[in-house]
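The block underneath contains the structure these notes are about, expressed in structure tokens.
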Amino acid sequence: MVFVLILLLLVIVAFSFEWLSPEIVVIIALCLLVFSGIITSNEAFQGFGNDFIIMLVSIFIIGGVLKYNGVIEYIISPFNKLKSINESLLIAIIMIITGVLSAFMNNTAIVSIFISPVIILARKLNIRSSKLLMPMAFASLMGGTCTLIGTSTNVAGSSYIVSKGLQPIGMFELLPIGLPILLLGIIFMITIGKKMLPNNIEVALSNIDIKNFDNAEDSNSLTSHIKPNLKKGLYIFLLFIVAILIGSLKIIPISISFMITALIAYLSKSIPEMALRKSIDWRLLILIGGMSAFGIALTNTGGDKFLAEKITELLLPFGNYGLMAGFMIITVLLTQPMSNAASVLVVLPIALQSAAELGINPRPFAVAVIISASISMIAPFEPASLLVFKPGKYKILDFIKIGGALTFLALIIILFAVPLIWKF
């Protein structure tokens, strides 16, 4: 148990100082856990065999198809005709569009696509882009909390609780919490947040650092004769909506409905082979699959029980709400050095064990931890926030002030709303 806890601490430290890329750190940790005999080789790779990996790959492919064929640009094209607009209204519109799209697509991809159009629109309307980019990034994070597929964190968390005998998270089960968070975020950013946003002079578009998120033209130049086709993209978009409905109604498993959609997208030649491969975040898949093994290691050694007992002893005087708040705060803090998904897979085993020891319903603890991981906006380390950091010429203090306030408000919603829907 001591070995696992020390190794987990070292992994967090390695993530913080970026000694190696996160997926390499996880692979090294996996090898050490297997060599020590704490987990078997089958347990080490158990996370890679879950259907949530297939679901994530399918979502990446579908998102890549929509991006490659210009569907997102088509959706926001009407705004190019604007001559003037109230700044608060523009912030609200951008946040609504970003939030809704991020509920069904990778938020990093959405933000990377929107950066250039938003800067161009801001320049045209004589509005500082720094007033728009941070709200857009925050909306992408908050929008992802509305559905199961909004973030890989939700998918990974759902898969883990299934392994512990709980029901998987439904497609729209998190909506009663995610939607109020998004709406409150919009209201905050067009009122208090707008006054706190810096009025920075924008950078040239050529200086925008989106090298890791190639646009359609870049992908096309590197691959076949397959050209972007908006009609094909819209066709796949409709199929994606159908797949969501079919999966939500449990006609077939959602992972299968998404996989079929991704397969149709590939067979219909809606995206070149190279662009398809680039659309899949392999590093994230390795990170999530590998971190799942830590939950197994904690269980095998009793580490989850040990930590659960200590945290419960410390927070139990504050009641169930205080205990849940403690796990939420721990999760938010861990998302700073670690990825959102990785932090969830570290905290969930401990939170579920605490609920089990107290004999209360573990689901509110699971939901609170999963959503808390996706609303950490305190620092610009989450990829969506990192993408707008340079273009908006923000400072870390801007995120601490604005993102910190918004994170606090979101945590309050989670703390008091979750137990109303999922009783202790």
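Considering all non-hydrogen atoms of both residues, P180 and I413 come closest at O-CD1, 3.9 Å. The minimum heavy-atom distance between S374 and N340, with the atom names listed, is CA-ND2, 4.1 Å. Of all heavy-atom pairs spanning G295 and P349, the tightest one is CA-CG, 3.9 Å. Between N107 and A384, the closest heavy-atom pair is ND2-CB, 4.3 Å. Of all heavy-atom pairs between F3 and L33, the closest is CE2-CD2, 4.5 Å. A137 approaches V111 most closely through the heavy-atom pair CA-CG2, 4.2 Å.
Side-chain N or O atoms of S159 include none that pairs as donor or acceptor with a backbone N or O of A156 at under 3.5 Å. Of the possible donor and acceptor atoms, none in the side chain of S292 sits under 3.5 Å from a partner among the backbone N and O of G47. When atom types are taken as modelled, the side chain of S270 and the backbone of Y266 share no donor-acceptor pair closer than 3.5 angstrom. Formation of a donor-acceptor pair under 3.5 Å by the K232 side chain with backbone atoms of S268 is found in this model. Under a 3.5 Å cut-off, the side chain of Y160 and the backbone N or O of L345 do not form any donor-acceptor pair. Side chain of S129 to backbone of G392: no donor-acceptor contact under 3.5 angstrom is found. Proximity of a side-chain donor or acceptor of S158 to a complementary backbone N or O of V155 within less than 3.5 Å is not detected. Although no hydrogens or angles enter the test, the distance criterion places no donor-acceptor pair under 3.5 Å between the side chain of S343 and the main chain of L334. At least one donor-acceptor pair closer than 3.5 Å links the side chain of N69 to the backbone N or O of V65. Side-chain atoms of N154 come within 3.5 Å of backbone atoms of G144 as a donor-acceptor pair (strictly under, hydrogens ignored).
Interatomic distance, CZ of F306 versus CG of L5, reported as 7.0 Å (0.5 Å rounding). Considering CG of L358 and CG of L316, their distance stands at 5.5 Å, rounded to 0.5 Å. A distance of 8.0 Å separates NZ in K194 from NZ in K131, rounded to the nearest 0.5 Å. Taking OG from S163 and CD from Q46, the interatomic distance works out to 7.0 Å, rounded to the nearest 0.5 Å. In this structure, the separation between CG on L148 and CG on L175 is 12.5 Å, given to the nearest 0.5 Å. Between the CZ atom of F188 and the CE atom of M95 there is a distance of 10.0 Å, given to the nearest 0.5 Å.
Residues P253 and I256 have side chains in contact (heavy-atom distance under 4.5 Å, counting atoms from C-beta outward). Within the 4.5 Å cutoff, side-chain heavy atoms of I402 are placed close to those of F138. In this structure the side chain of L179 never reaches within 4.5 angstrom of the side chain of P176, judged on heavy atoms. Counting heavy atoms from C-beta outward, L411 and L415 have side chains that stay 4.5 Å or more apart. Looking at heavy atoms from C-beta onward, Y235 lies out of side-chain contact with N229 at the 4.5 angstrom threshold. In this structure the side chain of S385 reaches within 4.5 angstrom of the side chain of L141, judged on heavy atoms. F52 places a side-chain heavy atom less than 4.5 Å from the side chain of I288. Looking at F365 and L348, their side chains never come closer than 4.5 Å, going by heavy atoms from C-beta outward.
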Q: Applying side-chain contact (heavy atoms from CB on, under 4.5 Å), run through S152 and L285 and close with a yes or a no.
A: CA-CA 9 Å; S152 57; L285 297 178; over 6 Å; no
Q | I119 and L133: CA distance, side-chain angles, deciding distance, side-chain contact (heavy atoms from CB on, under 4.5 Å) verdict | A | CA-CA 8 Å; I119 290 179; L133 293 177; 4.2 Å; yes
Q. Would F240 and I244 count as a side-chain contact (heavy atoms from CB on, under 4.5 Å) if you check the C-alpha gap in whole Å, the side-chain angles of each, and the deciding distance to 0.1 Å?
A. CA-CA 6 Å; F240 184 38; I244 292 171; 4.0 Å; yes
Q) Step by step, would you call I330 with I311 a side-chain contact (heavy atoms from CB on, under 4.5 Å)? A) CA-CA 11 Å; I330 291 171; I311 294 175; 4.0 Å; yes
Q: Please step through side-chain hydrogen bond (donor to acceptor under 3.5 Å, both in side chains) for the pair S376 and T407, ending with a clear verdict.
A: CA-CA 6 Å; S376 181; T407 299; 5.3 Å; no
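Crowding of F172 atom CZ: a count of heavy atoms from other residues, nucleotides or ligands under 6.0 Å exceeding 12. For Y74, the OH atom counts as loosely surrounded, since its 6.0 Å shell holds 12 or fewer non-hydrogen atoms of other residues, nucleotides or ligands. The environment of CZ in F237 is sparse: at most 12 heavy-atom neighbours from other residues, nucleotides or ligands sit within 6.0 Å. For CZ of F318, the number of neighbouring non-hydrogen atoms (other residues, nucleotides, ligands) closer than 6.0 Å is 12 at most.
For the side chain to side chain contact (heavy atoms under 4.5 Å, CB included) test with I177, the passing option among T145, I414, I370 is I414; the others fail. Test V346, V347, I161, T153 against V369 for side chain to side chain contact (heavy atoms under 4.5 Å, CB included) and you get one pass: V347.
For the residue pair T299 / K305, no side-chain donor-acceptor distance below 3.5 Å is found, with atom types taken as modelled. Side-chain contact of S140 with S102: a donor-acceptor pair under 3.5 Å is absent, judged by distance alone.
Comment: R363 engages E173 in a salt bridge, judged by a side-chain N to carboxylate O separation of less than 4.0 angstrom.
Relative ring orientation between F399 and F389 is described as tilted, the plane-to-plane angle lying within the 30° to 60° band.
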